[in-house]
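As the structure is a computational prediction, the values presented were derived from the model and not from experiment.
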Amino acid sequence: EDIRKARLVGVDAELLPEDIRRGVLEMRRSLTAAVDRLAKDLYESQAHFLQELLQNADDNKYADGVVPKMDLVLRSRPSVPYFFAANNEIGLSEVDVRALCDISRSS
């Protein structure tokens, strides 16, 4: 919840003073465009997602004595193919979640 508040997620911009509202809306448009552009540039290669999965797996943290395991699954239901990855890592910490919410802090 703290992350959402800090980024004004869910805040009705209409309730803000006019000058702040215009600034917030312009910043949202600018950030949205920047993220879209970054995603297009970063994931230009159709296979880049696999590199990301491997990088994420390398970054994982595991409990003592746990043998790391990762499952990559490709399945298809009638006309709906899908892919998922799962592993036995500890999970995300608050620091990890905050980094994911901030492009400049995520690896």
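- We find the CG-CG distance between L54 and D58 to be 9.0 Å, quoted to the nearest 0.5 Å.
- The structure places CG of D59 at 9.5 Å from CD of E52, a figure rounded to the nearest 0.5 Å.
- K61 places none of its side-chain heavy atoms less than 4.5 Å from the side chain of E89.
- Residues Y62 and N88 approach most closely at CE2-OD1, 3.2 Å, considering heavy atoms.
- Here CZ of R21 is found 9.5 Å from CG of D12. Values are rounded to the nearest 0.5 Å.
- Not a single donor-acceptor pair under 3.5 Å links the side chain of N87 to the backbone N or O of P68.
- Between D71 and F84, the closest side-chain pair of non-hydrogen atoms is not below 4.5 Å.
- For CZ of R29, the number of neighbouring non-hydrogen atoms (other residues, nucleotides, ligands) closer than 6.0 Å is greater than 12.
- No more than 12 heavy-atom neighbours from other residues, nucleotides or ligands sit within 6.0 angstrom of CD on E94.
- Here the side chain of D96 pairs a donor or acceptor atom with the backbone of S93 at under 3.5 angstrom.
- At least one side-chain heavy atom of M70 sits under 4.5 Å from a side-chain heavy atom of L53.
- Considering every non-hydrogen atom in both R28 and A13, the closest pair reads NH1-CB, 4.5 Å.
- Distance OG1/T32 to CE/M27: 11.5 Å, rounded to 0.5 Å.
- By the rule that hydrophobic residues join a cluster once side-chain heavy atoms approach within less than 4.5 Å of another member, L72 and L74 end up as members of one cluster.
- Residues V73 and Y82 share a hydrophobic cluster, clusters being chains of Ile/Leu/Val/Met/Phe/Trp/Tyr side chains in contact below 4.5 Å.
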